[in-house]
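Everything numeric in this text was worked out from a predicted model, so none of it was measured.
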Amino acid sequence: MKNKLWKIWITAVLILCGGLSLRGDTVRKPDQEKTESLIKADEQELLDDVGPSVVRIEAGKLFGSGIIFAVRQDEIILLTNRHMIEPGEPVVMFQDGKSAQADVIGCSDKYDMGFLRVKFSDLGDYTVDSCRNVRYNETEFGNLGPGDDLFILGSADYPAGNLFYGIIGSPSVYMEDFGTEMLWAYCEVKPGMSGSGVFDQDGCLIGIVCGGNEEKEAAVLPLDKILEEWKAGGY
């Protein structure tokens, strides 16, 4: 397969990556209208279910997306790309308009991911009942294969404001630019969607966006690697 030119979607800075090597079981590009029709019938239900779990993150001059990974009694744990939170002190904006500065509690040495924390005490009347963490199903994730439907929900324009549909090209492809096995998707992404949640047709998390290209393909850090770091970090 020909080399791909991948772009890490962050505002003001486009990190160009070349020489992407893809291998494994893949499928040809989908009929976009047909793919969208499979999910759009339940679009509002999906947005109502998943939207509150998707946030916008600003760090210095950069902005991108993230997801609420866990909700605790006194704090919210968020997940995004490492390259989004290394430049400066991140500010998180939620779907309902609330915002607060976040603390970086850990970044992976292996993958382009990191965890943030926002305390409820910094959000006024925002409570544990006001937000929602993403759902995931490890068993169903393990059953994903080429051609399965997915959607990406990100915050390039505003929190949970960018929705794109696609399919899995391969659930596991080694991508040299990322130095690991990634999920490869046929799905559009745009600048500002680094860290966006990638979901199966039932609204369960299957990964986060790490990069994309002009051919409407996305490089996704898969759920199994996210959980590996989550458990290893003891967050």
With rounding to the nearest 0.5 angstrom, report the [atom1] to [atom2] distance, [X] to [Y].
{"X": "Lys225", "Y": "Thr180", "atom1": "NZ", "atom2": "OG1", "answer": "4.0 Å"}
{"X": "Phe141", "Y": "Asp200", "atom1": "CZ", "atom2": "CG", "answer": "10.5 Å"}
{"X": "Leu150", "Y": "Ile168", "atom1": "CG", "atom2": "CD1", "answer": "5.5 Å"}

Same cluster for Leu163 and Tyr158 if Ile/Leu/Val/Met/Phe/Trp/Tyr side chains link at under 4.5 Å?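 As far as the 4.5 Å side-chain criterion goes, Tyr158 and Leu163 are not connected within one cluster.
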
Taking Ser121 for its side chain and Asp74 for its backbone only, find out whether a donor-acceptor pair lies under 3.5 Å.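 No, Ser121 side chain to Asp74 backbone: no donor-acceptor pair under 3.5 Å.
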
Please check: side-chain N/O of Ser194 versus main-chain N/O of Asn81, any donor-acceptor pairing under 3.5 Å?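 Not confirmed, Ser194 side chain does not pair with Asn81 backbone.
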
Which residues share a side-chain contact (heavy atoms from CB on, under 4.5 Å) with [X], sequence neighbours left out:
{"X": "Asn143", "result": "Thr139, Glu140"}
{"X": "Cys107", "result": "Arg82, Ile85, Val104"}
{"X": "Ala102", "result": "Pro90, Val92, Leu116, Val118"}

Does some side-chain heavy atom of [Y] sit less than 4.5 Å from a side-chain heavy atom of [X]?
{"X": "Val55", "Y": "Ile67", "value": "no"}
{"X": "Phe178", "Y": "Cys210", "value": "yes"}
{"X": "Leu144", "Y": "Ile206", "value": "yes"}
{"X": "Glu217", "Y": "Trp184", "value": "yes"}
{"X": "Asp149", "Y": "Ile167", "value": "yes"}
{"X": "Phe120", "Y": "Cys131", "value": "yes"}
{"X": "Pro146", "Y": "Pro171", "value": "yes"}
{"X": "Val198", "Y": "Ile208", "value": "no"}

Quick one: list whatever passes side-chain hydrogen bond (donor to acceptor under 3.5 Å, both in side chains) with [X], sequence neighbours left out.
{"X": "Glu75", "value": "Arg72"}
{"X": "Lys98", "value": "Asp125"}
{"X": "Lys110", "value": "Glu228"}
{"X": "Arg132", "value": "none"}

Under the salt bridge (charged side-chain N to carboxylate O under 4.0 Å, His left out) test, residues paired with Asp49 that sit two or more places apart: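 With sequence neighbours excluded, Asp49 shows a salt bridge (charged side-chain N to carboxylate O under 4.0 Å, His left out) to Arg135, given in chain and number order.
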
Listed partners of Asp157 passing salt bridge (charged side-chain N to carboxylate O under 4.0 Å, His left out), at least two apart: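 Once residues adjacent in sequence are excluded, the partners of Asp157 under the salt bridge (charged side-chain N to carboxylate O under 4.0 Å, His left out) criterion are Lys190.
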
When you check the gap from the basic side-chain N to the acidic O, do Lys231 and Glu229 get nearer than 4.0 Å?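 Result for this pair is no, no salt bridge flagged.
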
Salt bridge (charged side-chain N to carboxylate O under 4.0 Å, His left out): pairs with one or both residues in residues 161-171, sequence neighbours excluded: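 Listed by first then second residue: nothing to list.
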
Under the ring-ring contact (aromatic ring centres under 6.0 Å, His included) test, which residues partner Phe199, sequence neighbours left out?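 Phe199 satisfies ring-ring contact (aromatic ring centres under 6.0 Å, His included) with Phe151 once adjacent residues are dropped.
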
With Tyr235 via ring-ring contact (aromatic ring centres under 6.0 Å, His included) - residues at least two apart: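 With neighbours one apart ignored, the set is Phe115.
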
